[in-house]
Structure formats: structure tokens, C-alpha cells
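Please read the structure below before turning to the comments.
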Amino acid sequence: AISLAFVILIGAASWLALSPHEESRRDMWQYIYVVVGVALNLLFAISLLFLRYVENSITSPLEQLSKIVSQFANRDHRQTEKNEQFIEKFEPPRTGDEIQALSTSFKQMMIDITGYVENLEIMTREKERIGAELHVATQIQADMLPRIFPPFPERREFDIYASMNPAKEVGGDFYDFFLVDNRHFAVVIADVSGKGVPAALFMVIAKTLIKSHAQFGNEPADIFTITNNQLCEGNEAGLFVTAWMGILDLHTGDLSCVNAGHNPPLIRRKDGTFEYIKMKPGFVLAGLEDMQYTQTQLHLDTGDTLFLYTDGVTEAENPAKEQYGDARLRDELNRLDSRDPKKLIQGIRQSVADFADGAEQFDDITMTALTYHGPQDEEEGAAQ
């Protein structure tokens, strides 16, 4: 319309310029006014129709979509059923263009978000349930290990302390100590391969078997031989246990001990320093049936101290991936210069923490320290 009016105006202007008659010019100006008026009205009508089209095809669908987006964002997404009803009521506008495609995509996004939130709630509830069960398992495992110190306050022949810090909620390390009879005292430390719940379950079985066979009066080597065969039965998970066990004669200080692939303990004589005990380790428990274990005889004098540990101590790493190491453990024990088992373990625990310098603990850390004070006086023994 504007182009047509422009052409008419150009033509009329040219004609007026060439026309010699005044009346013709006046008629032409009236004609121009009519044409311009019609053109402007036509332009106005076309503009109204275009704005109507924009409103129906673009503005209203976008406003509707924006409203739906706002309502969906402000809903409680935990109410899955109500959200599904809300999504079902929403119909994308049938504009046949990108707005319809955008609305359809947003509806699918609402469906996906609702499903994701529902799955997230299920996983959260499951995680909370597992967390609660692991907390109970942690407590059960802790209750299975001796935790009251001194454990035998009426016995003056020895002093003992132990600790176990699992890398996860439950661990595969364990320690144990108990009186076999009034004269013999057993001490055990072990490390099950792997971590978490499977290792913890295997740890319970191993600990129970070792203690059970010890209380029948068996020698340490025989205890490990029998326990090994029983652990090999049905061991489809392929777990194994490194373990060290000693049975101390409280009257004489004689110590019968056996090592099933475990870290060598350290001993400090009353007038010396800590040194590693040199004894040939046997094969791990639950690794191979019918293994025969060799027993070693040691002797503890009054004031001697025995220190047992798992590889979580010596293999602890700092941020630079350096390991704590055997030499550092021996040097730190000598630096502590104490015959108090509790102070020794607390000192090493702090030393390991300082060395790790905040690095994540990857393995269980377990330690046991035993100081032999010699046999009781005859009067005390008779009273016992």
C-alpha cells in the first residue's frame, strides 16, 4: 500500500508539474489526498492484522509457556503424583513452528525432572537405610573387640592396650586378647584383605574361629592350621587373612607365637630399644588348604614390651604419596620411650596423623601393645 501510494504520488507530482491548468491541479490534489488516505487506512488495517497474528502465534504462546514454567518451578517436586497431573494438563500450543517444538520439549523436560526427582528420593531413602545399617554394623564390630582398659584389672602380670580405626564404616582389621586359662594369655592381630562389609564379615568368622580353637588349649601353630582349613571352605569371594598370634605363659614369660603372612611385630627389652622380631612368616590364612604353620618360641623378661600393628600404619601416605614406613615406626616408638601401652599407641596414632597431613586414610589402622610385668607374687597368685 505504501509503495503503491508512493508511485501514485510520484506520478501525480510529475503530472502537476507539467499541467498548465489550475483546476486540473486542484482535482489532482484531491485525488492524492484520497489515495494517501486509503493507503494509510490500508496500512493501519494490515498492521492490526499483523499484530493480531503476532499475539496469537507468538506472544500468547510464549506467555502461556512462561506461566507454566513459573508454576512448575514453584511446585513441590516431591509430590510426584500431583506433578504428573499438572504435566498431563499442559498441552503445547499447536502453532506448527519453533514455539510448538519448544513447548513440547519443555513438557518432556518436566516429565524427565519429575522422574529424576522420584528416583533421587528412592536413592536417598535407600542411602539413608544403608547408612543406618552400616552405623549399626560399625557399633556391632566395635563391640566385638575388647574396648575396656585395663581389661583384667586384677591381673598384675601384664598391661595391654589396643585400638582399631577403620578406613570405612566397618573394617577388616581386628585385634583380640583373652585369658586361655589362669596362666596363659593370648593376643591376636589380623588384617582381612579388602575393606568394607565383606571384609568385616570375614573378620568376624576368623576372629571367632581363632579364639574358639585357642580356648581348647591348642598351640598357636595348630590353631592357625585348623582355622586356615575352615576359612578355605566355601571361600568363593577369595578373601584371605594375614594374622599374628602369641600365647604368653604369665608365670615364665615364655611366648609361643605364629605368623601367617603378617607384618613382623616389634619388641623392646627393658634395657634396650624397639627392634623388629625376626621370624619366618607362614602363608596367609584362607589362601591354601592344608598349610602347616611353624611356631616360634620367644621369651619376655620383666619390663619387655611387644608392639603389634597392621599395614595400615606403615603404609599410611602423605599428600606426596610417601609411606610412613617400617623405619619411621621403629624410630617413633623409640622416641616415645614409654612402657605404657596406651601412651605408645596414642603416640604412634598421632605420629601417623601428623605424617598423613590430612591425606585420606585408605586402610584400617590397628595396633596392640603389651608390656610384661613378670609373674605375680605367690600370695597374689594364691588370692587369684
Open item on the list: Just by distance, no angles: are the side chains of N229 and E233 close enough, under 3.5 Å, to form a donor-acceptor pair?
Closed with: no
- [ ] Using atom types as modelled and distance alone, determine if a side-chain donor or acceptor of Q361 lies under 3.5 Å from a backbone N or O of D363.
- [x] yes
- [ ] List the atom of V188, the atom of F174, and the distance in Å for their closest heavy-atom pair.
- [x] CG1-CE1, 4.1 Å
Task: Backbone of Y324 reached by a side-chain donor or acceptor of R328 within 3.5 Å - done: yes
Open item on the list: Determine whether a donor-acceptor pair (N or O, by modelled atom type, separation under 3.5 Å) exists between the side chain of N263 and the backbone of T310.
Closed with: no
TODO: Please determine, by modelled atom types, if R349 and S163 share a side-chain donor-acceptor pair under 3.5 angstrom.
DONE: yes
Open item on the list: Main chain of L344, side chain of S338: is a donor-acceptor contact present, judged purely on distance under 3.5 Å?
Closed with: no
Open item on the list: If hydrophobic clusters are built by linking Ile, Leu, Val, Met, Phe, Trp and Tyr wherever their side-chain heavy atoms come under 4.5 Å apart, do L145 and V313 end up in the same one?
Closed with: yes
Open item on the list: For R268, is there an ion pair with D337 - N to carboxylate O distance below 4.0 angstrom?
Closed with: yes
Open item on the list: Using every non-hydrogen atom in the two residues, find where V180 and A186 come nearest and quote the distance to one decimal.
Closed with: CG2-CB, 3.8 Å
Task: Neighbour count >12 (heavy atoms, 6.0 Å) for atom CD1, I122 - done: yes
- [ ] Could you tell me whether the side chains of H262 and N259 share a donor-acceptor contact shorter than 3.5 Å?
- [x] no
Task: Backbone N/O of P264 and side chain of Y309: donor-acceptor pair under 3.5 Å - done: yes
- [ ] Using a strict 4.0 Å threshold on nitrogen-to-oxygen distance, state whether D176 and K207 make a salt bridge.
- [x] yes
TODO: Not counting sequence neighbours, which residues clear side-chain contact (heavy atoms from CB on, under 4.5 Å) with L201? List them please.
DONE: V197
Open item on the list: For a 4.5 angstrom cut-off between non-hydrogen side-chain atoms, does F274 reach R269?
Closed with: no
Just list the side-chain donor-acceptor pairs under 3.5 Å for residues 365-375, sequence neighbours left out, or say none.
from : atom 1 : to   : atom 2 : distance (Å)
T366 : OG1    : D173 : OD2    : 3.0
T371 : OG1    : T305 : OG1    : 3.0
T371 : OG1    : R339 : O      : 2.9
Y372 : OH     : L250 : O      : 2.9
Y372 : OH     : G253 : N      : 3.4

Task: K342 side chain to A162 backbone, donor-acceptor under 3.5 Å - done: no
Open item on the list: Looking at every heavy atom in both S193 and A199, which two are closest together, and how far apart are they?
Closed with: O-CB, 3.8 Å
TODO: Answer yes if L239 and I226 sit in the same cluster of Ile, Leu, Val, Met, Phe, Trp and Tyr residues linked by side chain heavy atoms under 4.5 Å apart, and no otherwise.
DONE: no
- [ ] Measure the CG-CG distance between D304 and D271 for me, rounded to the nearest 0.5 Å.
- [x] 8.0 Å
Task: Check: Y276 side chain, D326 main-chain N or O, donor-acceptor pair, under 3.5 Å - done: yes
Task: Parallel, tilted or perpendicular, as decided by the 30° and 60° cut-offs, for the rings of F152 and F177 - done: perpendicular
Task: Under 3.5 Å: donor-acceptor pair, side chain of N318, backbone of K321 - done: yes
- [ ] Determine the minimum heavy-atom distance between I247 and H184, stating which atoms define it.
- [x] CG2-CB, 3.9 Å
- [ ] Give a yes or no on whether F362 and F355 share a hydrophobic cluster (residues Ile, Leu, Val, Met, Phe, Trp, Tyr; joining criterion: side-chain heavy atoms under 4.5 Å apart).
- [x] no
TODO: May I ask you to check whether H251 and E157 show a side-chain donor-acceptor distance below 3.5 Å?
DONE: no
TODO: Quick one: list whatever passes side-chain contact (heavy atoms from CB on, under 4.5 Å) with S256, sequence neighbours left out.
DONE: E219, P220, Q295, Q297
TODO: Please work out whether the ring planes of F149 and Y161 are parallel, tilted or perpendicular, with thresholds of 30° and 60°.
DONE: tilted
Task: Residues R183, D249: salt bridge by 4.0 Å N-O rule - done: yes
Task: Heavy-atom donor-acceptor pair, N119 side chain to G115 backbone, under 3.5 Å - done: yes
Open item on the list: If we ignore hydrogens and angles and just use 3.5 Å, is the side chain of R156 paired with the main-chain N or O of P153 as donor and acceptor?
Closed with: yes
TODO: Kindly give the heavy-atom pair with the smallest separation between P151 and I160, and that separation in Å.
DONE: CG-CG2, 3.6 Å
TODO: Mind running side-chain contact (heavy atoms from CB on, under 4.5 Å) on V241 and F202 for me, showing each step along the way?
DONE: CA-CA 9 Å; V241 187; F202 208 70; 3.6 Å; yes
Task: Criterion side-chain contact (heavy atoms from CB on, under 4.5 Å) on R155 and L179, from CA distance to verdict - done: CA-CA 10 Å; R155 305 303 297 250; L179 285 167; 3.9 Å; yes
TODO: Rounded to the nearest 0.5 Å, what's the gap from CD1 on I348 to NZ on K343? Could you check?
DONE: 14.5 Å
Task: Residues H213 and N218: side-chain donor-acceptor under 3.5 angstrom - done: no
